[in-house]
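Some notes on the structure that comes next.
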Amino acid sequence: MTIKKVPHLAHWGAFTAVTENGRLTGCEPFFADSNPSPMLQTIPQLIYSDKRIQQPMVRRSWLKARENSDRTLRGREDFIAVGWETALDLVAEENQRVRERYGASGIFTGSYGWSSAGRVNHARTLVRRFYFNGGGGVDQIGNYSWGSAQFFLPYVIGTYMPLTGRVTDWPSVIEHAEVVLAFGGLALKNAQVASGGAGEHTLKPALEQLARKGTRVINVSPLRDDCPAFLNADWIAIRPNTDVALMLALGYEIERLGAADRDFLNSHCVGYPQLREYLLGQSDGIAKTPQWASAITGVPAERIAGLARQLAGKRSFITCSYAVQRAHRGEQPYWMMIALSAMLGQPGLPGAGFSFGHGSMNSVGNPRIDTPAPQLPTGPNPAGLAIPVARICDMLLQPGESYAFQGATHRYPDIHLMHWAGGNPFHHHQQLNRLVEGWQRPDTVIVQDIVWTAATKMADIVLPVTTTLERNDIGGSSRDRYVFAMHQAVAPQHQARNDFDIFADLAERLGYRERFTENRNEMQWIAHLYQQCGEAQQRKGVQWPSFEQFWQRGYAEVPASERDYVFMSDFRADAQASPLKTPSGKIELFCQAIADFQLDDMAGHPEWRAPQEWLGSEQADRFPLHLISVQPADRLHSQLDATPNVQANKTAGHETLWMHPQDATARGISDGDEVEVFNARGMMLAGVQLNPGLAPGVVVISTGAWFDPGFGGAWQPWDRAGNPNVLTLDIGTSLLTQGPNAMSCLVEICQRKTLQKS
């Protein structure tokens, strides 16, 4: 028996791949990782999955009629196997036809998804690089993780970079914070993954240190388990989508108590007088008292007033999870959290201030020297065309119609060719039955992936690609202290090919291979990206090993910073010498630019406006349960969903839905039951597990189940797997940002009885 071990990396951690006689048998966690993800052990199941795409495939009627095929048959009819040369010819010919007839505005290049941790074969980068070098196309901007905050925060603090993890380090919080107030919690499962991979999983060790010190942690969430039990966090079971109302009442109380830091508000902020008038009810006649907020949030008024007293005069660290802004009007809690911290005078103090994403993703708050990770460039998009990431359905279904974004009016292009690589939109996007309708509009849909997801099943041309373990690459995250060599561990399975090679061969057919590859092959690009990364490190005084040393060792290490990073510390020390990139150079608690847009759904300061769907709305009479869709603990988004390990965690053969015993009893539902979850937008099946650690009226399900309306057979208007995005609402978070909205969703649940059990 021949045993071989090579270094490798996934989004859920670094590891050593172990092969026996050329077959992957195990994944040993990286030596420096004290809390490795159990998802590493599922990787071999993905490599040898029976869901692998084994060869290039073309939908039968598209192969016969091309752009004139019946597009409603996508997902319903069979595929014809073709050779690689034929498949690539078809893709190239369709590229040329659409570009010549419709121009760049007819091609959608905005493939979205985490794809691989490797940077050279990073599909989302490569598909853009390919189309941008060929004349451009319609891109996506923003993301589904923090898409609304990305386009909102620059108005208030001048940048969205804190969302990427460049926030106050955990060591500073552990040492200095007296109170940690976490809106959306600090869930350990979320910190198992990091875009670009990680050598260390740092959230659990940080929280353990916080617990040993005895720091007060307050978890504001509908889910008690959004903080680990060992943290002994105080749980405030808030009604979903009402965080900003609670924050406004805290602001009211801090002002009433005389605890507002007037010096900081005057020297480092603009707009507090306008916000104060709103808090006190002087501008709208409604004082934002704890009693007012209690009626909205479900939190007792005395608890709200007590929380204000806990914060007043204390070194406080306030954080919001990414999930809080993935809701209708999701910008508002982020804005008011900043205002609340400013009222307390905390921004820029060690271990204090405000933050985004602690507990939402690994590497947030990691101490390290600020240098970039390896990154393959896409180059500029010569067409200059893009839509907000979550407006795909609107674009496909409403070509030519106008929409508001960033204070301007834009129009949706008319898409004829869509090429998706390295992602599964039938995981990320909302209101999937609407996406199915939009997916039928383009002339041609091309998808390249590892396995038969919903997106590949609904494509016209399917190209099978390798997993990271079947190729060489380089990976790393800008917030992790390691850059990793990713050695090929096993031979490519079936007829799978590397993403880089696929796009290079397509570029050759279209006459620009040299532009696309820059005359570098895969290994040459790996060495080039490593060299670029090393040059950035050396400018910071870091000694960087040679590429040969790096490749043999398997990793290079970036040292931790000699001092803790504290977000806004320079600005706090001297607001004039280190101004923010806002018009005022200060924190904008009232933003004149936003006010001047005169938007129907947003004022110039934080405010409470009821979301379109929440437990206080009229729809709650018909659909009285608020559905929260969370990141899963056993997979990354929808990756790994088809593996035995993940399937073993299902309930009654479907995704597990957690339900409060009180709500289950009222519906005659028991633990383990198969149920129907429905609203006016759709229906899905799920399996129930009872959980008293939920706010009553709230149900919770993980995302990531593969959308399954009955592909290739009797198509049903309901999802068999338990994909919550069948039910979620496909509207923008606001007219300003058009961010994705998944958390404003009302449903009803009953035992499975009305659907035919087939």
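- Residue pairs meeting the salt bridge (charged side-chain N to carboxylate O under 4.0 Å, His left out) criterion with at least one member in residues 444-464, sequence neighbours excluded: R59-D460, R74-D460.
- The two residues C745 and N679 make their nearest non-hydrogen contact at SG-ND2, 3.9 Å.
- Of the inter-residue distances, the one linking M458 atom CE with W420 atom CH2 reads 12.5 Å to the nearest 0.5 angstrom.
- A salt bridge is absent between E20 and R23; no separation between the charged side-chain nitrogens and carboxylate oxygens falls under 4.0 Å.
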Apply side chain to side chain contact (heavy atoms under 4.5 Å, CB included) to N143 and Y322, showing your working.
-> CA-CA 11 Å; N143 61 53; Y322 296 154; over 6 Å; no
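- Remark: Y412 OH to L396 CG distance equals 10.5 Å, nearest 0.5 Å.
- Within the 4.5 Å cutoff, the side chain of L126 has no heavy atoms near those of the H122 side chain.
- Here the side chain of R471 pairs a donor or acceptor atom with the backbone of T466 at under 3.5 angstrom.
- Considering CD1 of I731 and CD of Q738, their distance stands at 9.5 Å, rounded to 0.5 Å.
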Quick one: do Q430 and T728 satisfy side-chain hydrogen bond (donor to acceptor under 3.5 Å, both in side chains)? Show the steps, please.
-> CA-CA 5 Å; Q430 285 75 61; T728 50; 4.7 Å; no
Should N433 and V726 be marked as a side chain to side chain contact (heavy atoms under 4.5 Å, CB included) after you check the CA-CA gap, both sets of side-chain angles, and the distance that decides it?
-> CA-CA 6 Å; N433 290 323; V726 172; 4.0 Å; yes
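- Here the closest heavy-atom approach between residue F707 and residue A454 is recorded as O-CB, 3.9 Å.
- Using the six-membered ring where Trp is involved, W439 and F426 have ring planes that are perpendicular, over 60° apart on the 30 and 60° scheme.
- Within the 4.5 Å cutoff, the side chain of D505 has heavy atoms near those of the R513 side chain.
- For S629 (side chain) and S702 (main-chain N/O), no donor-acceptor pair under 3.5 Å exists by modelled atom type.
- Listed for the E77 side chain is a donor-acceptor partner under 3.5 Å among the backbone atoms of S61.
- Looking at T453 and T456, their side chains come closer than 4.5 Å, going by heavy atoms from C-beta outward.
- Annotation: side chain of S638 is not in contact with side chain of T703 (no heavy-atom distance under 4.5 Å).
- Taking the salt bridge (Lys or Arg N to Asp or Glu O under 4.0 Å) definition, one finds that R101 meets it with nothing, sequence neighbours left out.
- Counting heavy-atom neighbours within 6.0 Å of E514 CD, excluding the residue itself, gives a total of 12 or less.
- R720 forms a cation-pi arrangement with W718, by the criterion of a distance under 6.0 Å to the ring centre and an angle within 45° of the ring axis.
- No donor-acceptor pair under 3.5 Å is formed between the side chain of S69 and the backbone N or O of R71.
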Any chance you could lay out the side chain to side chain contact (heavy atoms under 4.5 Å, CB included) test for F405 and I141, step after step, and finish with the verdict?
-> CA-CA 12 Å; F405 177 59; I141 50 177; 3.7 Å; yes
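- Judged by distance alone, with hydrogens and angles left aside, the side-chain atoms of Y48 form a donor-acceptor pair with the main-chain N or O of L24 at under 3.5 Å.
- Atom CG of D443 is separated from atom CH2 of W62 by 10.0 Å, given to the nearest 0.5 angstrom.
- For the pair N725 (side chain) and L432 (backbone), a donor-acceptor distance under 3.5 Å is absent.
- Here the closest heavy-atom approach between residue A705 and residue G722 is recorded as CB-O, 3.7 Å.
- Residues A117 and G197 come closest through the heavy atom pair CB-N, 4.3 Å.
- For the pair H637 and Y144, the minimum side-chain heavy-atom distance is 4.5 Å or more.
- No side-chain heavy atom of V465 sits less than 4.5 Å from a side-chain heavy atom of R497.
- At a cut-off of 3.5 Å, with distance as the only test, no side-chain donor of H328 or E613 sits close to an acceptor on the other residue.
- Ring centroid separation for the pair W452 and F79 comes in under the 6.0 Å cut-off.
- Within the 4.5 Å cutoff, the side chain of M684 has no heavy atoms near those of the N723 side chain.
- Here the CG atom belonging to D473 is positioned 7.5 Å from the NE2 atom belonging to H8, to the nearest 0.5 angstrom.
- In this structure, the side chain of R509 does not engage the main chain of A92 through any donor-acceptor pair within 3.5 Å.
- Ionic pairing of D394 and R434 is present here: one or more N-O contacts between side-chain nitrogen and carboxylate oxygen are shorter than 4.0 angstrom.
- Side chain of R752 to backbone of E676: no donor-acceptor contact under 3.5 angstrom is found.
- Q96 contributes no side-chain N or O that, together with a main-chain N or O of E93, makes up a donor-acceptor pair within less than 3.5 Å.
- Proximity of a side-chain donor or acceptor of N472 to a complementary backbone N or O of Q488 within less than 3.5 Å is detected.
- Separating the CG atom in N519 from the CD atom in Q524 is a distance of 8.5 Å, to the nearest 0.5 Å.
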Verify salt bridge (charged side-chain N to carboxylate O under 4.0 Å, His left out) between D634 and K650, making sure each step is shown before the conclusion.
-> CA-CA 11 Å; D634 55 4; K650 307 288 184 177; over 6 Å; no
Given V747 and R681, is the side chain to side chain contact (heavy atoms under 4.5 Å, CB included) satisfied, shown in steps?
-> CA-CA 10 Å; V747 301; R681 293 179 290 275; over 6 Å; no
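- In this structure, a donor-acceptor pair under 3.5 Å is absent between the side chains of Y131 and N381.
- Using a 4.5 Å heavy-atom cutoff, the side chains of H419 and T109 are not in contact.
- Here the closest non-hydrogen pair linking R124 and S115 is N-OG, 3.9 Å.
- In plain terms, the two heavy atoms of F130 and A507 that are nearest each other are CE1-N, 3.5 Å.
- A donor-acceptor pair shorter than 3.5 Å cannot be found between the side chains of Q41 and N645.
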